[in-house]
Asker: 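Okay, here's the structure, questions in a sec.
As the structure lists them, so they are numbered: ligands from 1, and atoms in each ligand from 1.
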Amino acid sequence: MEAEPKPETLLKNKAQTSYPVYTRQEVAKHKTVESGIWVTYKSDVYDITNFVELHPGGDKILLAAGGALEPFWSMYAVHKQKHVFEILEEYKIGELRPEDVQETCDVTDPYRKEPLRHPALKVNSLKPFNAEPPVQILSENYLTPNEIFFIRNHLPVPEVDPKQFRLNIEGEGLKSVQLTLRDIQTKFPKHTITATLQCAGNRRSEMNGVRQVKGLNWGLAAIGNAKWAGAKLSDVLKYAGLPEDIDAKHVQFEGLDKDITGSPYGASIPIRKALAKDGDVLLAYEMNNEPLPRDHGFPLRVIVPGVVGARNVKWLNKIVVSKEESKSHWQVNDYKGFSPSVDWDNVDFNSAPAIQELPIQSVITAPSNDEHLNSDMNEITVKGYAWSGGGREVIRVDVSLDGGQTWRVADLSEVKPNEGQAWAWKLWQLTVPLPKDQKNMEIICKAVDNQYNVQPDTVAPIWNLRGVLNNSWSRVKVTIKSK
Ligand code: MTE
């Protein structure tokens with residue numbers, strides 16, 4: 001029996017023939033496995049029926065069935081890479097009639113009105129925009145300046161006219177209420193907190209060192225600390241008539257940023273956190289004494305101190321009080337932790353709870369990994385940040401200069417939070433004599449919070465397929481060089 005030709009052979013054969021020409025209407029008839037799933041890109045037609053199962057983004061690819069890939073690829077620009085074009089080429093079956101080509105090339109880019117960004121930010125992805133500051137700058141400021149605060153966007157930044165803005169509130173036992181931005185600024189007391197926001201994927205790149213994970217390759221700076229001001233969510237919910245004996249268990253949030261199907265970014269938090277007297281959940285309109293910047297949720301976002309960044313919904317459009325958690329992809333099928341034994345072929349997202357409070361964390365921000373220190377220096381100053389979720393206060397940071405054999409206690413920035421409300425990070429530093437007899441040093445830090453939670457020593461045992469929740473000891477290797 002003759003072996004099946006490999007795709008490359010098919011490609012070679014195809015390249016020598018001329019392709020059949022199709023109209024856009026003909027392509028539109030191929031949306032199912034039975035009819036074959038066809039898509040177009042620029043002037044070419046592809047039959048991707050056999051690729052659907054292999055698509056890393058799952059069956060989202062079916063959104064393009066029978067039509068053009070451009071609108072989806074401009075939303076998820078990760079596709080515009082050489083290897084993706086090479087894969088697509090293997091599935092080419094024809095060409096579009098020339099008069100049908102123009103339409104798809106004119107697709108408007110949903111990212112064309114993005115804000116200007118600070119050039120110091122290190123870009124992880126442009127569309128959607130994701131970036132972090134150089135980690136050395138992070139510990140220079142207790143309050144991270146707005147311009148260099150990390151940005152984590154899943155979708156295009158919406159353009160919001162503050163005069164037209166309305167916040168919609170509804171759900172279990174509530175009146176349906178619409179509030180203007182001015183209402184939120186004037187009807188409720190302004191409450192200010194300093195809180196650290198950390199993405200679940202902070203330090204994901206270290207997980208990649210163990211085994212490849214799926215997600216943006218964040219370094220050490222997908223975290224920042226800011227002063228947020230706004231109305232308390234609990235005050236706003238009471239205004240909307242929230243009954244005392246509420247059955248609801250969750251407060252869901254929806255953003256104004258929408259994917260190509262019209263679904264907004266969304267997330268939810270337990271109602272217990274939303275209503276706790278010391279929970280400090282804000283509908284924030286200011287960041288570090290300025291109106292929220294566009295990238296950080298202008299004009300209104302939720303700040304849930306002590307809780308993973310993903311639940312701090314930006315460009316807030318709607319609040320729903322409910323018995324159920326948000327059904328958003330990012331609540332249900334993302335931002336969850338798993339055993340290192342779980343991989344993409346056996347993961348069951350329903351088996352794990354959505355991440356809420358984050359674990360204890362600390363990171364060395366200076367010196368940098370692989371830095372050369374001059375042996376003429378008498379002293380070395382090690383610096384970093386430390387923070388724990390759930391309002392747990394960091395009480396100590398231990399630093400080792402010899403790979404963990406001996407430890408010293410670092411100096412912590414002295415900001416004394418109220419019990420259970422330690423929302424802000426502590427910056428720490430330790431100045432010690434530079435060991436003269438060593439050529440290499442492994443510097444390590446690990447923090448302890450007031451419930452004596454500590455960081456795990458290595459990454460491998462907490463590796464998970466999405467690369468979230470990396471809070472292993474932070475390690476930096478430096479070389480000491482004589483001039
Ligand atoms: N809210 C909306 N509407 N859209 C988003 O993409 N990203 C979330 C959260 N809120 C997101 C959102 C994630 S994953 C994080 S870590 C934080 O916003 C990041 O907030 P920042 O960009 O202000 O740093």
Asker: With a 6.0 Å cut-off on ring centres, are Y41 and F85 close enough?
Answerer: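 Between F85 and Y41, which both carry aromatic rings, the centre distance is below 6.0 Å.
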Asker: Using non-hydrogen atoms of the residue, decide whether W330 is closer than 4.0 angstrom to ligand 1.
Answerer: no
Asker: Decide whether an N or O pair under 3.5 Å exists between H296 and ligand 1.
Answerer: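 By distance alone, the answer is yes.
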Asker: Test of understanding: given a 4.0 Å heavy-atom threshold, classify the contact between L256 and ligand 1 as side chain, backbone, both, or neither.
Answerer: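 Contact part for L256 vs ligand 1: neither.
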Asker: Closer than 4.0 angstrom, basic N to acidic O: yes or no for E159 and K113?
Answerer: yes
Asker: For atom 6 (O) of ligand 1, which of the options M287, R301, E132, H154 provides the nearest non-hydrogen atom?
Answerer: H154
Asker: Say whether F150, considering both its backbone and side-chain N or O atoms, lies within less than 3.5 Å of an N or O atom on ligand 1.
Answerer: yes
Asker: Please indicate whether any nitrogen or oxygen in Y335 is less than 3.5 Å from any nitrogen or oxygen in ligand 1.
Answerer: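 There is no such contact.
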Asker: Can you pull out every ring pair (Phe, Tyr, Trp, His ring centres under 6.0 Å) where at least one residue sits in residues 173-230? Sequence neighbours excluded, please.
Answerer: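 Applying ring pair (Phe, Tyr, Trp, His ring centres under 6.0 Å) to every pair that reaches into residues 173-230, excluding sequence neighbours, yields F149-W228, F188-Y239.
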Asker: Which residue holds the protein heavy atom closest to atom 3 (N) of ligand 1, what is that atom called, and what is the gap in Å?
Answerer: D257 OD1, 2.8 Å
Asker: For a side-chain contact (heavy atoms from CB on, under 4.5 Å) with L358, tell me which candidate from L469, N202, N471 qualifies.
Answerer: L469
Asker: So, F349 versus F338, ring centres under 6.0 angstrom or not?
Answerer: yes
Asker: Is the shortest distance from a Lys or Arg side-chain nitrogen in D411 or K383 to a carboxylate oxygen in the other one below 4.0 Å?
Answerer: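 Not counted as a salt bridge, because no side-chain N and carboxylate O are separated by less than 4.0 Å.
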Asker: What is the closest protein heavy atom to atom 19 (C) of ligand 1, and at what distance does it sit?
Answerer: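 Sorting protein heavy atoms by distance from atom 19 (C) of ligand 1 puts R152 CB, 3.6 Å first.
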Asker: Would Q198 count as being in polar contact with ligand 1, using the rule that some N or O on each side must be under 3.5 angstrom apart?
Answerer: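 Between Q198 and ligand 1, no N or O pair is found under 3.5 Å apart.
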Asker: Can a cation-pi geometry be assigned to K426 and W387, taking NZ or CZ under 6.0 Å from the six-membered ring centre and within 45° of the ring axis?
Answerer: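 Negative - K426 is either too far from the ring of W387 or too far off its axis.
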Asker: Who's the nearest protein heavy-atom neighbour of atom 8 (C) of ligand 1, and how far?
Answerer: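 Answer for atom 8 (C) of ligand 1: Y265 OH, 3.6 Å.
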Asker: For atom 13 (C) of ligand 1, what's the nearest protein heavy atom and its distance?
Answerer: A310 CA, 3.7 Å
